[in-house]
K.L.:
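Can you read through this structure? Questions will come right after.
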Amino acid sequence: MKADREKWILLVFLSIIWGSSFILIKKSLDHFSPYQVGALRVLIAGIILMPIAISKYKLFPKKHLKWLLLAAFTGNFIPMFLFPIAETEVSSSIAGIVNSMMPIFVIIVGALIWKFETTRRQITGTLISFTGVCLLAFGGNAESGTFKLIPILLLLLATLCYAVSTTTVKSKLMEVSSTVLSAFVFSFVLFLPSLIALTFTGFFSTFSFDEDHLTGLMFVSLLSIFGTGLAMMMNYRLLKVSSPLFASTVTLLMPIVAIIWGFLDGEKLSVLQFAGAGIVITGLIFLRSKPNLIKK
């Protein structure tokens with residue numbers, strides 16, 4: 001499959017998977033605390049991918065260990081806890097709009113740290129799509145316009161972490177296959193930290209094999225297998241066949257998927273939200289072409 005076609009297919013599927021994760025998170029939170037959901041999400045992914053990590057241990061990138069640690073903790077551990085903490089103070093709309101700023105952070109981090117070349121068309125497309133996401137976020141609920149400084153800063157930090165991880169993987173870890181890299185991240189690097197974090201939440205002292213906990217475990221497992229393990233494999237593959245900026249645009253499409261789930265769940269879409277979805281797609285069109293690079 002040609003790289004140009006593959007990257008768009010991966011982008012669509014990732015948007016669907018990660019956009020659908022919100023409803024699984026919602027169902028999981030009916031049974032566990034935000035910290036337990038975050039830790040379980042990472043831990044279960046580590047258990048599922050452990051056979052791959054063990055069978056491919058000889059491919060472990062020892063010479064790039066520091067970059068692997070950086071990418072793992074900034075992309076798959078720290079944000080898992082920052083987002084739930086922040087969302088106890090702000091609405092999901094605000095969290096979504098801040099998360100959609102990832103492409104902008106990728107431009108900044110990529111240019112300042114990794115010297116990535118960025119086109120004017122990419123910047124324009126990102127800003128147009130971000131405008132659309134603003135309409136998606138604020139078009140459905142006036143209450144979502146309330147800002148609180150500390151949780152907003154936590155969301156910005158989480159989004160910055162994603163950008164750091166994405167650009168690090170693209171710059172230093174592309175020699176490792178997508179599947180193996182995901183296995184190493186969750187099974188070798190993050191397994192023990194997630195287990196320790198889960199222990200501190202009191203999970204093992206309160207969990208019992210009753211209907212409530214088993215139902216919650218089912219939702220978290222689905223979230224972990226599809227929204228974490230499989231999604232990260234696809235994300236790392238997307239980074240191989242595209243740019244960090246293009247890969248980060250998945251955060252602009254995720255709110256559309258989330259709103260569709262809300263519509264199926266009985267929520268109504270406003271005119272502004274329909275307009276926002278159209279603007280997001282328009283912005284993404286700018287990412288298809290390759291005009292002259294900005295000279296530095």
Side-chain angles (χ1 to χ4, degrees), residues 6-29 37-38 41 45 75-76 79-80 83-84 86-87 90-104 106 125-126 128-141 144 155 158-159 162 166 219-239 242 245-288:
E6 182 181 1
K7 72 179 183 181
W8 283 97
I9 293 176
L10 288 170
L11 182 70
V12 170
F13 275 97
L14 267 176
S15 300
I16 294 173
I17 293 174
W18 271 335
S20 301
S21 294
F22 289 109
I23 194 168
L24 289 175
I25 292 174
K26 179 181 178 181
K27 296 296 183 181
S28 300
L29 289 174
V37 172
R41 186 175 179 179
N76 301 286
M80 298 289 188
F83 269 93
E87 288 187 34
V90 299
S91 69
S92 58
S93 294
I94 295 298
I97 193 172
V98 175
N99 186 54
S100 69
M101 291 181 67
M102 182 181 164
I104 298 175
V106 166
T126 299
I128 290 175
S129 293
F130 178 69
T131 302
V133 173
C134 289
L135 292 179
L136 285 174
F138 293 111
N141 187 356
S144 64
L155 291 171
T159 306
Y162 282 140
T166 297
F219 285 123
V220 177
S221 296
L222 289 173
L223 175 64
S224 179
I225 294 171
F226 293 100
T228 306
L230 176 61
M232 289 312 301
M233 289 183 193
M234 295 174 66
N235 185 51
Y236 289 147
R237 177 59 188 173
L238 181 58
L239 283 170
S242 68
L245 179 59
F246 183 90
S248 69
T249 56
V250 68
T251 61
L252 299 173
L253 289 175
M254 284 165 54
I256 298 178
V257 178
I259 287 177
I260 292 175
W261 274 114
F263 177 78
L264 294 176
D265 199 37
E267 298 178 6
K268 294 182 179 180
L269 297 179
S270 69
V271 174
L272 283 178
Q273 287 176 319
F274 277 114
I279 293 174
V280 169
I281 299 301
T282 301
L284 290 175
I285 293 176
F286 278 78
L287 300 178
R288 292 189 64 91

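Positions are given from 1, in the same order as the sequence printed here.
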K.L.:
Got a second to check how far S21's OG is from I16's CD1, nearest 0.5 Å?
P.N.:
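If I round to the nearest 0.5 Å, the distance is 12.0 Å.
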K.L.:
Under a 3.5 Å distance rule, please check whether T282 uses its side chain to pair with a backbone N or O of G278 as donor and acceptor.
P.N.:
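Yes, because the side chain of T282 sits within donor-acceptor range (under 3.5 Å) of the backbone of G278.
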K.L.:
Taking the side chain as C-beta and beyond, is there a heavy-atom pair between V250 and L238 under 4.5 Å?
P.N.:
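The answer is no; the side chains never approach within 4.5 Å.
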K.L.:
Please test W8 against F246 for ring-ring contact (aromatic ring centres under 6.0 Å, His included), starting from the C-alpha separation and ending with a verdict.
P.N.:
CA-CA 9 Å; W8 283 97; F246 183 90; 4.9 Å; yes
K.L.:
Please step through side chain to side chain contact (heavy atoms under 4.5 Å, CB included) for the pair T159 and F83, ending with a clear verdict.
P.N.:
CA-CA 9 Å; T159 306; F83 269 93; 4.2 Å; yes
K.L.:
Would you name the heavy atoms of A231 and L14 that are closest together and state the gap between them?
P.N.:
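That would be O-CD2, 3.2 Å.
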K.L.:
How long is the gap from NZ on K27 to CG on L29, to the nearest 0.5 Å?
P.N.:
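Going from the NZ atom of K27 to the CG atom of L29 covers 11.5 Å.
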K.L.:
What's the separation between atom CG in L222 and atom OG in S20, rounded to the nearest 0.5 Å?
P.N.:
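Rounded to the nearest 0.5 Å, the CG-OG separation comes out at 11.5 Å.
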K.L.:
Taking all atoms of both residues into account, what is the closest heavy-atom pair of S224 and A45, and its distance?
P.N.:
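Between these two residues, the closest heavy atoms are OG-N, 2.9 Å.
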K.L.:
Once you round to the nearest 0.5 Å, how far does CE of M234 lie from CD1 of I9?
P.N.:
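Answer rounded to 0.5 Å: 9.5 Å.
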K.L.:
Side-chain contact test, heavy atoms from C-beta onward, threshold under 4.5 Å: evaluate it for F130 versus I279 and give yes or no.
P.N.:
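They are not in side-chain contact.
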K.L.:
Test T228 against R41 for side-chain hydrogen bond (donor to acceptor under 3.5 Å, both in side chains), laying out the working first.
P.N.:
CA-CA 7 Å; T228 306; R41 186 175 179 179; 2.6 Å; yes
K.L.:
Using modelled atom types only, decide if a donor and an acceptor are shared between the side chain of W18 and the backbone of G227 within a distance under 3.5 Å.
P.N.:
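Yes, W18 side chain to G227 backbone: donor-acceptor pair under 3.5 Å.
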K.L.:
Quick one: does L230's side chain get under 4.5 Å of I225's, heavy atoms only?
P.N.:
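They are not in contact (no side-chain heavy atoms under 4.5 Å apart), so the answer is no.
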K.L.:
Is the closest side-chain heavy-atom distance between M102 and L252 below 4.5 Å?
P.N.:
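No - every pair of side-chain heavy atoms lies 4.5 Å or more apart.
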K.L.:
Please examine the side chains of F22 and M254, heavy atoms only from C-beta on, and report whether any two atoms are closer than 4.5 Å.
P.N.:
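Touching, per the 4.5 Å side-chain cut-off.
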K.L.:
Rounded to the nearest 0.5 Å, how far apart are CG of L223 and CD1 of I23?
P.N.:
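Going from CG on L223 over to CD1 on I23, the span is 12.0 Å.
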K.L.:
I need the L239 CG to T166 OG1 distance, nearest 0.5 Å.
P.N.:
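Going from CG on L239 over to OG1 on T166, the span is 5.5 Å.
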K.L.:
Over all heavy atoms of both residues, which pair between A247 and S242 is shortest? Give the atoms and the distance, please.
P.N.:
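Answer, listing the atom of A247 first, then S242: N-OG, 4.1 Å.
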K.L.:
Could you check if a side-chain atom of Y162 sits within less than 4.5 angstrom of a side-chain atom of P79, using non-hydrogen atoms only?
P.N.:
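Side chain of Y162 against side chain of P79, heavy atoms only: contact under 4.5 Å found.
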K.L.:
May I ask you to test the S15-I256 pair for a side-chain heavy-atom distance under 4.5 Å?
P.N.:
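Of all side-chain heavy-atom pairs linking I256 with S15, none is under 4.5 Å.
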